[in-house]
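What follows is a short report on a single structure.
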Amino acid sequence: MEANASVDMFSKVLENQLLQTTKLVEEHLDSEIQKLDQMDEDELERLKEKRLEALRKAQQQKQEWLSKGHGEYREIPSERDFFQEVKESKKVVCHFYRDTTFRCKILDRHLVILSKKHLETKFLKLNVEKAPFLCERLRIKVIPTLALVKDGKTQDYVVGFTDLGNTDDFTTETLEWRLGCSDILNYSGNLMEPPFQSQKKFGTNFTKLEKKTIRGKKYDSDSDDD
């Protein structure tokens, strides 16, 4: 009986909350409709022009990003290309990778998706074998590493998968959240709650990642070589 009473009480509380939310939405819509009703033709025309201008600017911005290589995940051939690419775009994510590192391929899959979703950010990849000077300058020692570059300066790094729930099975949203925390892309979710925290509630086990030296070089890898 007590359990049924608790369920009934919870249902009533939830119903009241939904009714309150619906009421607020309706009041907001009524207010907007009233504002429109009170506008004369000149005011409506000015409002229409403002919205059209905003749409034109958004379209122009989109075309500018596309002309600079945004909207796709691209490999650049050399260090020299890196400096040119970050110079012409405000926000850049560059994946420093190795062909033999399995976890780099995992990152590739997610970055392809994000590059198409977030046109405001340029997504690149660069083989560390072709960028010894840059890796030393940026102190990149663990592969994979994402360098997050804003206004031509490296602001942050995502090193391995530690920030992504410490698992190979992290979601694209988890990577999106992590990049959003550095303001390198526009994240619409809650930055205060990582997506993988909800996974923990359901008992997801995360694998512990080990760093390994690759062929005696300075780079460490968060995965076994293929």
*asked:* Any non-hydrogen side-chain atom of Trp65 less than 4.5 Å from a side-chain atom of Thr121?
replied: no

*For Asp183, which residues count as a side chain to side chain donor-acceptor pair (under 3.5 Å) partner, sequence neighbours excluded?*
Lys150

*Kindly determine whether Val93 and Tyr73 satisfy side chain to side chain contact (heavy atoms under 4.5 Å, CB included), including the steps that lead there.*
CA-CA 10 Å; Val93 174; Tyr73 177 47; over 6 Å; no

*Arg98 CZ to Lys105 NZ distance, which is reported to the nearest 0.5 Å*: 10.5 Å

*What closest approach, in Å, do Leu191 and Gly180 show between heavy atoms, and which atom pair accounts for it?*
CD2-C, 3.7 Å

_Given 3.5 Å as the limit, does a donor-acceptor pair link the side chain of Arg74 with the main chain of Gly69, or not?_
yes

*Just how far is it from atom NE2 of His110 to atom OG of Ser115, taken to the nearest 0.5 Å?*
13.0 Å

*If Ile, Leu, Val, Met, Phe, Trp and Tyr residues are connected whenever their side-chain heavy atoms lie under 4.5 Å apart, and connections chain through other members, are Tyr157 and Ile76 in the same group?*
yes

*Could you tell me whether the side chain of Leu134 reaches within less than 4.5 Å of the side chain of Phe82, counting heavy atoms only?*
yes

*Could you give the distance from SG (Cys181) to CE (Met192), rounded to the nearest 0.5 Å?*
9.0 Å

*Transitively linked via ILVMFWY side-chain contacts under 4.5 Å: Leu138 with Tyr97?*
no

*Consider only side-chain heavy atoms of I, L, V, M, F, W and Y, link residues closer than 4.5 Å, and tell whether Leu111 and Leu66 are in one cluster.*
no

*Are any non-hydrogen side-chain atoms of Phe170 and Asp163 less than 4.5 angstrom apart?*
no

*If you count the non-hydrogen atoms of other residues, nucleotides and ligands that lie under 6.0 Å from CZ in Arg56, is the total more than 12?*
yes

*Do side-chain atoms of Trp177 reach the backbone of Gly189 as a donor and acceptor pair under 3.5 angstrom?*
no

*Return the set of residues passing salt bridge (charged side-chain N to carboxylate O under 4.0 Å, His left out) with Glu64 (not counting sequence neighbours), or none when no residue passes.*
Lys68

*List the steps and the verdict of side chain to side chain contact (heavy atoms under 4.5 Å, CB included) for Phe102 and Asp168.*
CA-CA 10 Å; Phe102 171 69; Asp168 289 353; 4.1 Å; yes

*Any salt bridge between Glu79 and Lys130, counting N to O under 4.0 Å?*
no

*Taking side chain as C-beta onward, heavy atoms only, is Glu120 less than 4.5 Å from Gln61?*
no

*asked:* I'd like to know if the side chain of Ser182 and the backbone of Ile184 have a donor-acceptor N/O pair within less than 3.5 Å.
replied: no

*Can you find a pair of side-chain heavy atoms, one from Thr154 and one from Arg137, that are under 4.5 Å apart?*
no

*Between CZ on residue Phe161 and CG on residue Leu175, distance to nearest 0.5 Å*: 9.0 Å

*Return yes if some donor-acceptor pair links the side-chain N/O of Ser89 with the main-chain N/O of Val92 below 3.5 Å, else return no.*
no

*Locate the shortest heavy-atom distance separating Pro144 from Thr101; write the atom from each residue and the value.*
CD-CG2, 4.4 Å

*Work out which heavy atom in Leu119 is nearest to a heavy atom in Gly71; give both atom names and the distance.*
CD2-CA, 3.3 Å

*Just wondering, do Lys57 and Leu52 contact through their side chains at under 4.5 Å, heavy atoms?*
no

*For the hydrophobic clusters of this structure (ILVMFWY residues joined by side-chain heavy atoms under 4.5 Å, transitively), does one cluster hold both Ile106 and Leu114?*
yes

*Chi angles and distances behind the side chain to side chain contact (heavy atoms under 4.5 Å, CB included) call for Lys91, Leu185*: CA-CA 7 Å; Lys91 296 180 178 182; Leu185 54 72; 5.9 Å; no

_Once rounded to the nearest 0.5 Å, what's the spacing between atom CZ of Phe133 and atom OG of Ser78?_
12.5 Å

*Identify the two heavy atoms, one from Thr171 and one from Thr174, that lie closest to each other, and give their separation to 0.1 Å.*
OG1-OG1, 2.9 Å

*Using the side chain to side chain contact (heavy atoms under 4.5 Å, CB included) rule, pick out the option among Leu107, Thr145, Leu124, Val158 that qualifies with His95.*
Leu107

*Given the side-chain rings of Tyr187 and His118, with only the six-membered ring counted for Trp, is the space between their centroids under 6.0 Å?*
no

*Looking at residues at least two apart in the chain, or sitting in another chain, which of them share a side chain to side chain donor-acceptor pair (under 3.5 Å) with Lys90?*
Asp151

*Mark yes or no for whether Lys122, through its side chain, and Glu85, through its backbone, hold a donor-acceptor pair below 3.5 Å.*
yes

_Same cluster (ILVMFWY, side-chain, under 4.5 Å), Ile140 and Val142_ = yes

_I need the Cys104 SG to Leu146 CG distance, nearest 0.5 Å._
9.0 Å

*May I have the step-by-step check of side chain to side chain contact (heavy atoms under 4.5 Å, CB included) for Leu126 and Glu75, ending in yes or no?*
CA-CA 6 Å; Leu126 178 58; Glu75 179 161 8; over 6 Å; no

